[in-house]
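Quick caveat: nothing in here was measured; it's all calculated off a predicted structure.
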Amino acid sequence: MIAKPSDFGGLFSCQRVLIIGANGAGKTWFANRLSDRTGLPVFHNDAFALKTGWAYRDRSDIRRAQDDVIAQPRWILEGGPSLLQTDGLKRADVVVWLDPPKSVRIGRIIWRSIRFMGRNRPEHPEGNADWPGRRQFRFVRKAWRLDAKIRAEIGAALADTSTPTIRLRTAKAARDLF
């Protein structure tokens with residue numbers, strides 16, 4: 001159910017917010033702004049998933065960390081479509097689907113790689129510095145190639161839920177909420 005914040009009491013009164021989107025959609029930015037406005041704690045799925053050197057944790061460890069957050073009474077949880085396979089979708093008061101055009105997302109991925117060159121992004125565990133190069137090129141190419149599949153996966157998961165969903169397709173729409 002695509003909704004407006006006013007349809008269900010407003011985004012800023014929610015206690016459990018799931019922020020979903022593909023890479024470069026603006027999830028971290030949005031989650032941090034929403035936290036500033038509401039005081040809700042933010043949890044980044046990348047922090048659960050990554051180990052040092054861009055290696056991924058075991059799926060069961062990631063799921064356990066996600067479940068620990070979802071069991072709490074107040075949270076903002078942001079990440080990709082894999083979060084829709086958790087109980088977070090059932091427990092969330094609202095889902096915010098950030099869905100800008102593919103070209104915008106790719107530009108953001110490249111820009112953040114340059115911006116954080118040689119450093120960790122704040123939402124990542126130590127030992128995962130961004131560095132433009134072969135790994136980043138493959139990441140951008142994969143994000144471009146899988147765009148339609150990710151959108152379809154998110155859309156299908158959200159079609160089967162009664163949790164109100166706000167779909168934001170532009171940066172302006174996201175900024176206008178604040």
Practice task
Verify, without hydrogens or angle tests, whether Arg108 (side chain) and Gly24 (backbone) share a donor-acceptor contact under 3.5 angstrom.
Solution key: yes
Exercise for the section: Not counting sequence neighbours, which residues clear side-chain contact (heavy atoms from CB on, under 4.5 Å) with Ala152? List them please. Expected result: none
Handout entry: Side-chain touch Asp99/Ile20, heavy atoms, less than 4.5 angstrom
Key = no
Handout entry: Separation of Lys102 NZ from Leu146 CG (nearest 0.5 Å)
Key = 10.0 Å
Handout entry: Rounded distance (nearest 0.5 Å) linking atom CG of Leu34 with atom OG1 of Thr38
Key = 4.5 Å
Practice task
Check whether any side-chain N or O of Asp147 sits under 3.5 Å from a backbone N or O of Trp144 as a donor-acceptor pair, and report yes or no.
Solution key: no
Ignoring hydrogens and angles, write down the donor-acceptor pairs under 3.5 Å from the side chains of residues 39-51, residues two or more places apart or on other chains.
| unit_1 | atom_1 | unit_2 | atom_2 | d |
| --- | --- | --- | --- | --- |
| His44 | ND1 | Glu78 | OE2 | 2.5 |
| Asn45 | OD1 | Gln66 | NE2 | 2.7 |
| Asp46 | OD2 | His124 | NE2 | 3.0 |

Problem - CZ-CZ distance between Arg138 and Arg141, expressed to the nearest 0.5 angstrom - result: 8.0 Å
Handout entry: Side chain to side chain, Trp97 and Ile166, heavy atoms closer than 4.5 Å
Key = no
Handout entry: Rounded distance [0.5 Å steps], CG in Leu158 versus OG1 in Thr165
Key = 4.5 Å
Practice task
Check the pair Thr86 / Arg63 against side chain to side chain contact (heavy atoms under 4.5 Å, CB included), numbers first and verdict last.
Solution key: CA-CA 8 Å; Thr86 68; Arg63 188 55 164 260; 3.9 Å; yes
Practice task
Compute both the distance and the angle, then confirm whether Arg33 meets the cation-pi test with Phe178: under 6.0 Å from the six-membered ring centre, within 45 degrees of the axis.
Solution key: no
Handout entry: Within-4.5 Å side-chain heavy-atom neighbours: Val17 and Asp93
Key = no
Exercise for the section: Using a 4.5 Å cut-off on heavy atoms from C-beta on, say whether the side chain of Pro122 contacts that of Phe116. Expected result: yes
Practice task
First locate atom CD1 of Ile62, then atom OH of Tyr56, and finally report the distance between them rounded to the nearest 0.5 Å.
Solution key: 8.5 Å
Handout entry: Side-chain heavy atoms of Arg57 within contact of Arg64, under 4.5 Å
Key = no
Problem - In one Ile/Leu/Val/Met/Phe/Trp/Tyr side-chain cluster, 4.5 Å: Val104, Ile106 - result: no
Handout entry: Side-chain touch Arg134/Gln136, heavy atoms, less than 4.5 angstrom
Key = no
Practice task
Could you check if a side-chain atom of Val95 sits within less than 4.5 angstrom of a side-chain atom of Leu89, using non-hydrogen atoms only?
Solution key: yes
Practice task
Report yes if some heavy atom in the side chain of Phe30 is under 4.5 Å from a heavy atom in the side chain of Leu168; otherwise report no.
Solution key: yes
Exercise for the section: Could you tell me whether Trp54 atom CH2 has more than 12 heavy atoms of other residues or ligands within 6.0 Å of it? Expected result: yes
Practice task
Could you tell me the separation between the CG atom of Asn128 and the OG1 atom of Thr52, rounded to the nearest 0.5 Å?
Solution key: 6.0 Å
Practice task
Would you confirm whether Lys27, through its side chain, and Leu77, through its main-chain N or O, come within 3.5 Å as a donor-acceptor pair?
Solution key: no
Handout entry: salt bridge (Lys or Arg N to Asp or Glu O under 4.0 Å) between Arg121 and Asp130, intermediate numbers included
Key = CA-CA 7 Å; Arg121 294 200 315 255; Asp130 269 320; 3.2 Å; yes
Handout entry: Same apolar cluster (I L V M F W Y, side chains within < 4.5 Å links), Val94/Trp29
Key = yes
Mind listing the side-chain donor-acceptor pairs of residues 67-75 below 3.5 Å, one per line with the distance, residues two or more places apart or on another chain?
| unit_1 | atom_1 | unit_2 | atom_2 | d |
| --- | --- | --- | --- | --- |
| Arg74 | NE | Gln15 | OE1 | 2.8 |
| Trp75 | NE1 | Val69 | O | 3.4 |
| Trp75 | NE1 | Ile70 | O | 3.3 |
| Trp75 | NE1 | Gln72 | O | 3.2 |

